[in-house]
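The next block holds one structure in the form of structure tokens; read it before the comments.
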Protein chains: 2
Amino acid sequence: MGLMNTQSAWLDDDQQDLWQALLTVVIALPAALDRQLQREAGISNFEYGVLARLSMADEATMRLSELARVCDSTQPRLSKVMDRFEARGWVARRPDPSDGRYTLATLADAGRQKLVESAPEHVAQVKRLVFDPLSAAQRRHLGAALTRIAATVRRELEGG
Amino acid sequence: MGLMNTQSAWLDDDQQDLWQALLTVVIALPAALDRQLQREAGISNFEYGVLARLSMADEATMRLSELARVCDSTQPRLSKVMDRFEARGWVARRPDPSDGRYTLATLADAGRQKLVESAPEHVAQVKRLVFDPLSAAQRRHLGAALTRIAATVRRELEGG
DNA sequence: CATCATGACTTGCCCAGGCAAGTGATACGA
DNA sequence: TCGTATCACTTGCCTGGGCAAGTCATGATG
């Protein structure tokens, strides 16, 4: 354990600290966001993200495969989310006229309303948990580092 | 939307970018780690963390409530993980002699062996996805920022 | 000492999500 | 033109985890 080369099988102390903090964030942050959104709006953090992404798209419409990609979702997961959303009248699905293999999803008015009414508390929570504890410089550094990691992880999931 | 004060209900562009990168990391990073560990070792990232934490404790023994806390786990979740681990002979549970309300968990040899044999590939994956993309300075900045966020999120979950 | 409150842990019920197999649509090759 | 490969998406089966209720041990209170 102490006799390994620089590509050791273990993490050194600084790396351990970073890794532990990152584990806490990836485990506990979604849990905290889910609890708040579930309580206030009856949806999960992931579902909120799907609504938000759709709302930003042109005509509030996207192909499911593209929506899955930007939400870091598998296709079955998104498919089931859309089942729930469609049942509540929040989105509509229809075949893509230009290629029948694709399916277009459009955010309905009820869906946009749900998003708008749950946004304030959710955004406040995000600010409280993520932005408020940091200085402006720390935010910049964090953004830069996370962007690099996010790109690496995305490649990993798409390639594997 | 454009006429709100500094405590706006929305995120500005820089915040959006950071937030999106963080979302990708909290969603896709656990997924990537889970896939690799599941394939190579048949355990989840969370289960690996439980084994690792226990192995670091004095006598490889901890109270369940304390273990749950450091693993950012609820008690039912950890309880079920321990059911699975005990069935495989990886841990043993027994009442705390000094207070029968607590339960002590001890990592068994088979559990330590499982940890040791799955560690190298897992650690390599962590390095590849998290550390390799960053410069030394970025790692320090990231560690500092994540530590602050982790502390805030921990307080949130314990207090709520 | 009986009762009641508290705190640690477990159990049961329910639902979300992963994976693998199935369906339908389009492109491609013989 | 007729399979055949390739996508995009959906469905079924199974497991993990959240929540709320239940159990058990301890401590406090009359």
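Below, chain A is the first sequence line, B the second, and so on; all start at residue 1.
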With sequence neighbours excluded, residues passing side chain to side chain contact (heavy atoms under 4.5 Å, CB included) with [X]:
X       : result
T147(B) : A21(A)
R139(B) : Q15(A), L18(A), F131(B), L134(B)
E121(A) : Q36(A), E40(A)
A41(A)  : L37(A), I43(A), K114(A), S118(A)

Open item on the list: Students should find this one: the first and last nucleotides of DNA chain C, 5' to 3', lying under 4.0 Å from a heavy atom of chain A. What are they?
Closed with: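 On DNA chain C, the outermost contacted nucleotides are dA16(C) to dT26(C).
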
Task: With sequence neighbours excluded, residues passing salt bridge (charged side-chain N to carboxylate O under 4.0 Å, His left out) with R88(A) - done: none

Can you give each donor-acceptor pair under 3.5 Å made by side-chain atoms of residues 52-59 of chain A, sequence neighbours left out, with the distance rounded to 0.1 Å?
| residue | atom | partner | partner atom | Å |
| --- | --- | --- | --- | --- |
| R53(A) | NH2 | Q20(B) | OE1 | 3.1 |
| S55(A) | OG | A52(A) | O | 2.7 |

Open item on the list: So, using ring-ring contact (aromatic ring centres under 6.0 Å, His included) as the criterion, who are the partners of Y48(A) when residues are at least two apart?
Closed with: H122(A)

Task: Residue pairs involving residues 57-101 of chain B (criterion ring pair (Phe, Tyr, Trp, His ring centres under 6.0 Å); sequence neighbours excluded) - done: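 Every ring pair (Phe, Tyr, Trp, His ring centres under 6.0 Å) pair that includes a residue of residues 57-101 of chain B, provided the two are not neighbours, is F85(B)-W90(B).
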
TODO: Kindly state which residues belonging to residues 40-47 of chain B come within less than 4.0 angstrom of DNA chain D, counting heavy atoms of the residue only, listed by number.
DONE: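 By residue number: none to list.
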
Open item on the list: Among residues 67-96 of chain A, which ones have heavy-atom contacts with DNA chain D below 4.0 Å?
Closed with: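 Of all residues in residues 67-96 of chain A, the ones placing a heavy atom under 4.0 Å from DNA chain D are Q75(A), P76(A), S79(A), K80(A), R93(A).
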
Open item on the list: Can you list every stem that DNA chain D is part of, counting only runs of 3 or more consecutive Watson-Crick or G-U wobble pairs with both distances under 3.5 Å?
Closed with: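 As far as DNA chain D goes, consecutive pairing (with distances under 3.5 Å) yields the stems C:1-30 with D:1-30.
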
